[in-house]
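Structure first, then comments.
Note on naming: letters A, B, ... go to the chains in the order of the sequence lines (proteins, then strands), and numbering restarts at 1 for each one. Since we're looking at a predicted model, the values are computed, not measured.
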Number of protein chains: 2
Amino acid sequence: MDELVEKRLDPFFRRLEHRDALGMAEQQALIKAVSAFEDVGAGADIVREGDRPERCTLLVSGFAARYRMVASGERQFTLIHVPGDFIDLHSFPLKEMDHSVMALAPCQLAIYPHQAIKNITEEFPHLTRLLWLLTLLDGALQREWIICLGRLSAEARAAHLFCELGARLEAVGLGAADDYRLPLTQQDLADTLGLSSVHANRVVQSLRKKNLLTWQANRVTLPNLAAAKALGEFDERYLHHIREPR
Amino acid sequence: MDELVEKRLDPFFRRLEHRDALGMAEQQALIKAVSAFEDVGAGADIVREGDRPERCTLLVSGFAARYRMVASGERQFTLIHVPGDFIDLHSFPLKEMDHSVMALAPCQLAIYPHQAIKNITEEFPHLTRLLWLLTLLDGALQREWIICLGRLSAEARAAHLFCELGARLEAVGLGAADDYRLPLTQQDLADTLGLSSVHANRVVQSLRKKNLLTWQANRVTLPNLAAAKALGEFDERYLHHIREPR
DNA sequence: CGGCTCGTTGACAATAATCAAGCGAGGTGG
DNA sequence: CCACCTCGCTTGATTATTGTCAACGAGCCG
């Protein structure tokens, strides 16, 4: 049983190992803390604004996004999650959700009861700092998006996003920085970039015309990764892919 | 000596007490962990992108902002800090700064060596969760700004910002939600809202014309707070001003 | 076959940036 | 004490970017 859990948590462990070494006891604690696995279909909400979840959710496979609706009826994503991400680890200290998370594609989830996380914080200070770190990585991605939304053109933001997703997916063993599976619609892209779907479409076509992007049948490739990074001002420092004691 | 420290940390303790009760030992630990106080002048950087600080910095008085520059030479703020905020608590788990923080006005800072924070994480699990919580509150503010930048008009974003700052300053005892001191320039506002300074100015004037804002000599008042909140779609849930066990 | 969703296109309107100039208060030095 | 200088704020004219509205086509699934 534990072997199955461990296998499913592989992207998660890769994500952690990119930042610090994990002790055997810590790894076991993370495996034991999983109470269940669940599946949700594309488009379903995983948690909702206002919820007070009693559990945290780790994305095992699929894609998910944190979002909120605004009065005009538009949606804005604040973060796209890839496998290995904790979707709502912050709900453990924060208690109440101030936003929702939806599945962008069929997802498998690993469930961590808050009580199990609390036990970790009481018994494993170093592991606690790593969990803390994970929530801070979310914050770093969100800072980056503020900068992109505030100061980059729509085209540069799109290039940045495709570079970011490539780097994150590669880090968890799910593709290459310039070649990965991405089951999103152009509306999803628009909701990430803060654009109308019409304009998102035009931006995608412009990137295609410049030979910076192909995106068909849920597969993204970046034929000229260096140029895409330059256009999107992508500097992966903010991903903190540095393994060191925390 | 400790009384002086405690007095200076008053906004910080207020900020914490808005979220959870603090034990006497925890309070003492937070007081003892301060190694020094420092002053910085307006415009100075407090920490810089790429730094690997050995200490965390708490804002005692003044205003500061996290920011990054983009290739065009423009600046984007990702968060404005008010007294009682930890400016770079995240540097403790994250190690390397992926952005800079500057003083927007003369600031007094309390210094917490990373080692002192680490000791807290080894000895005070509940207090550790509260520190974690504080970094998550930064994340919540940043999420909110993604939503504002992505989906609200410039005018709505400005209204939102003035409401947010009022709520945060009131919570630490430094003004009222509709009346507070704000020593920022219009350029600072532009860098927060992701606008040019010219457009920021026009937005301010539009709010003035609608009798939603006065802003002279560093003093902000919101004559019609309800209308400002409505325009900016300001719902303070994301501030998590809820006192409960964490 | 028909009804979805998703992607695409064109014409037009709204929002915000850019460029250029001038104003006014506060501080500095002669 | 006053001239001058700087910084922040303001304004107008113009351009660039992005949104809105409307329509249509391709592919998939029941």
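When rounded to the nearest whole Å, the span between CG of B/L152 and P of D/dG19 equals 13 Å. Computed from coordinates, the A/Q187 CD to D/dG19 C1' distance equals 13 Å when rounded to whole Å. For B/N218 and D/dC9, the CG to C1' distance is 13 Å, given to the nearest whole Å. Distance, A/N201 CG to D/dT18 C1': 14 Å, rounded to whole Å.
Side chain of A/S153, nearest nucleotide from C/dA17, C/dT8, D/dT18: D/dT18. The side chain of B/R157 approaches C/dA16 more closely than any other nucleotide in the set C/dA16, D/dC9, D/dT11. Nearest to the side-chain atoms of B/E74 among the listed nucleotides C/dT18, C/dA16, D/dT18 stands C/dT18. For A/Q186, the listed nucleotide lying nearest its side chain is C/dT8; candidates were C/dT8, D/dC9, D/dT18. Listed nucleotides: C/dC6, D/dG19, C/dA17. Nearest to the side chain of B/L195: C/dA17.
Of the residues A/L89, A/D88, A/V101, the one that meets the side chain to side chain contact (heavy atoms under 4.5 Å, CB included) test with A/T57 is A/D88.
Under 4.0 angstrom from either OP1 or OP2 of D/dT10 there lies at least one side-chain N or O belonging to B/R208.
Across all strands shown, A/G43 has no heavy atoms under 4.0 Å from either base or sugar-phosphate atoms.
A donor and an acceptor atom sit less than 3.5 Å apart, one in the side chain of A/R202 and one in the base of C/dG10.
When the shell of 6.0 Å around CD of B/E54 is examined, it contains 12 or fewer heavy atoms from other residues, nucleotides or ligands.
Of the two residues contacting DNA chain C, namely A/R151 and A/V198, the nearest-nucleotide position lying further toward the 5' end is that of A/V198.
No side-chain donor-acceptor contact under 3.5 Å links B/Q186 and B/W215.
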